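Quantities reported herein were computed from a predicted structural model and do not represent experimental measurements. One-based numbering along the sequence shown.
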Amino acid sequence: MTTIFRNELNFIKGKRFYLPLFNLLIVLGILSLLNYYLASNDMLEGKDLARQVSTQMLSSSIVGLFFMIWLLQHYVHLFRCGYYSMLLSFGINRHQLFCYLILQITLYSLLFSMISFTACSVSGLFFTVWPWQLFMASDYNLIISMQLMLFGLGTFAALLSTIRWNHLLVLPLLFYWLLERWMLSLLRKEHEQLINYFPLKSFTNLVGSEILDLQQMLISTLYICIASVVLYRIIKLKALI
């Protein structure tokens, strides 16, 4: 385990890891600035402004898209450079490797949330909103909901990264994201319940409300379990080269 964490630390120190995170910080910062600007036009300031922007960021599904694309690219790099096959050669078994992948998803989702909070905090300084005001104004139920969404999307990103030609999956992912939204807009009037069973919609349903709905939790958990089982089978059977 010491070797695993040492190698993980080397990845974090490398440019391939922190440069995409810096780009994410810029993108999320621009999104936060836009939210602050729109909220300030409604004559909000101080704690009210912080609460409004925090709720908007924690309720935004586009943030999940950024996270999924970043994590997909990161996992593609790890698989293609032979990182996981190297860990197997060091003596860990495939069951431990799967547990390590789940741990990575959890840690990366927390790291992404920290980056999002940093972006909101820096942007808030231009509107005299201090970081502690933003933290105190954040709804903890929304934070938990966002973490669940990121974990679910991260599990699917890890699964997609095991597919052949995985370095070309970013554009199909964007296409499916837009295609599902288009399909949902067509079904919304006549099939209100059906639309909640679409994969991405089930995860984005987790954010946007202060109270988690039982149906949302069950559907999202089912998709996460299915993706985890498939990922586990791939890790157990596939030659990770």
Side-chain angles (χ1 to χ4, degrees), residues 8 11-12 14 16-17 19-21 23-24 27-28 60-88 94-113 115-116 146-184 195-207 216 219-241:
E8 187 71 22
F11 268 113
I12 293 175
R16 271 189 168 271
F17 191 86
L19 282 181
L21 292 184
N23 293 333
L24 280 174
V27 171
L28 293 175
S60 174
S61 60
I62 193 66
V63 174
L65 176 62
F66 293 151
F67 173 73
M68 193 172 184
I69 291 176
W70 164 65
L71 203 57
L72 174 62
Q73 293 177 325
H74 180 63
Y75 275 129
V76 166
H77 169 65
L78 294 184
F79 276 107
R80 290 175 65 85
C81 74
Y83 174 66
Y84 295 118
S85 59
M86 177 191 66
L87 294 180
L88 291 175
R94 292 177 180 264
H95 175 73
Q96 291 173 325
L97 181 59
F98 171 76
C99 294
Y100 174 57
L101 273 169
I102 297 301
L103 178 62
Q104 276 187 317
I105 296 171
T106 304
L107 293 177
Y108 291 155
S109 63
L110 291 173
L111 177 61
F112 184 84
S113 295
I115 294 173
S116 179
M146 176 61 71
Q147 288 303 125
L148 289 175
M149 183 188 75
L150 294 180
F151 182 82
L153 294 177
T155 304
F156 273 92
L159 178 60
L160 291 174
S161 64
T162 63
I163 298 175
R164 191 177 182 182
W165 310 113
N166 46 23
H167 57 292
L168 301 176
L169 284 176
V170 173
L171 287 180
L173 174 61
L174 290 173
F175 175 76
Y176 177 77
W177 190 285
L178 296 175
L179 176 64
E180 184 176 295
R181 285 183 171 272
W182 174 73
M183 294 174 62
L184 293 178
I195 64 177
N196 294 323
Y197 290 90
F198 282 75
L200 294 178
K201 179 61 176 177
S202 66
F203 291 121
T204 56
N205 272 345
L206 292 173
V207 297
Q216 298 171 359
I219 297 174
S220 301
T221 302
L222 176 62
Y223 277 118
I224 292 175
C225 290
I226 293 174
S228 299
V229 170
V230 176
L231 179 62
Y232 180 76
R233 295 293 296 173
I234 292 175
I235 295 297
K236 289 285 289 185
L237 302 176
K238 184 178 179 180
L240 303 178
I241 300 176

Chi angles and distances behind the side-chain contact (heavy atoms from CB on, under 4.5 Å) call for Ile224, Leu148: CA-CA 10 Å; Ile224 292 175; Leu148 289 175; over 6 Å; no

Evaluation steps, side-chain contact (heavy atoms from CB on, under 4.5 Å), between Leu24 and Leu21: CA-CA 5 Å; Leu24 280 174; Leu21 292 184; 4.1 Å; yes

Criterion side-chain contact (heavy atoms from CB on, under 4.5 Å) on Phe112 and Val63, from CA distance to verdict: CA-CA 10 Å; Phe112 184 84; Val63 174; 3.2 Å; yes

Verdict with supporting geometry, Leu107 and Gln104, side-chain contact (heavy atoms from CB on, under 4.5 Å): CA-CA 5 Å; Leu107 293 177; Gln104 276 187 317; 5.9 Å; no

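The backbone N or O of Ile105 sits less than 3.5 Å from a side-chain atom of Ser109, completing a donor-acceptor pair.
To the nearest 0.5 Å, the span separating CG on Leu111 from OG on Ser116 amounts to 11.5 Å. How far OG1 of Thr106 is from CG of Leu101: 10.5 Å, rounded to the nearest 0.5 Å. Rounding to the nearest 0.5 angstrom, the gap separating the OG atom in Ser161 from the NE2 atom in His74 is 10.0 Å. Taken from CG in Leu65 to CD1 in Ile62, the straight-line distance is 4.5 Å, to the nearest 0.5 Å.
Lys236 approaches Arg94 most closely through the heavy-atom pair O-CD, 3.4 Å. Among all heavy-atom pairs drawn from Phe67 and Tyr108, the shortest one is CE1-O, 3.6 Å. Pairing each heavy atom of Phe98 with each of Ile235, the nearest pair is N-CG2, 4.3 Å.
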Validation: residues 149-158 side-chain donor-acceptor distances under 3.5 Å, sequence neighbours left out:
unit_1	atom_1	unit_2	atom_2	d
Thr155	OG1	Phe151	O	2.8

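Evaluation of the side-chain hydrogen bond (donor to acceptor under 3.5 Å, both in side chains) rule for Ser228 yields no partner, not counting sequence neighbours.
Side-chain contact between Ile226 and Val229 is absent, with no heavy atoms from C-beta onward closer than 4.5 Å. Two residues are said to be in side-chain contact when any heavy atoms from C-beta on lie closer than 4.5 Å; Tyr75 and Leu160 fail this criterion.
Classified by interplanar angle (parallel below 30°, tilted 30° to 60°, perpendicular above 60°), the ring pair His95/Tyr232 is perpendicular. Note on ring orientation: taking the six-membered ring where Trp is involved, the planes of Phe79 and Tyr84 are tilted (angle from 30° to 60°).
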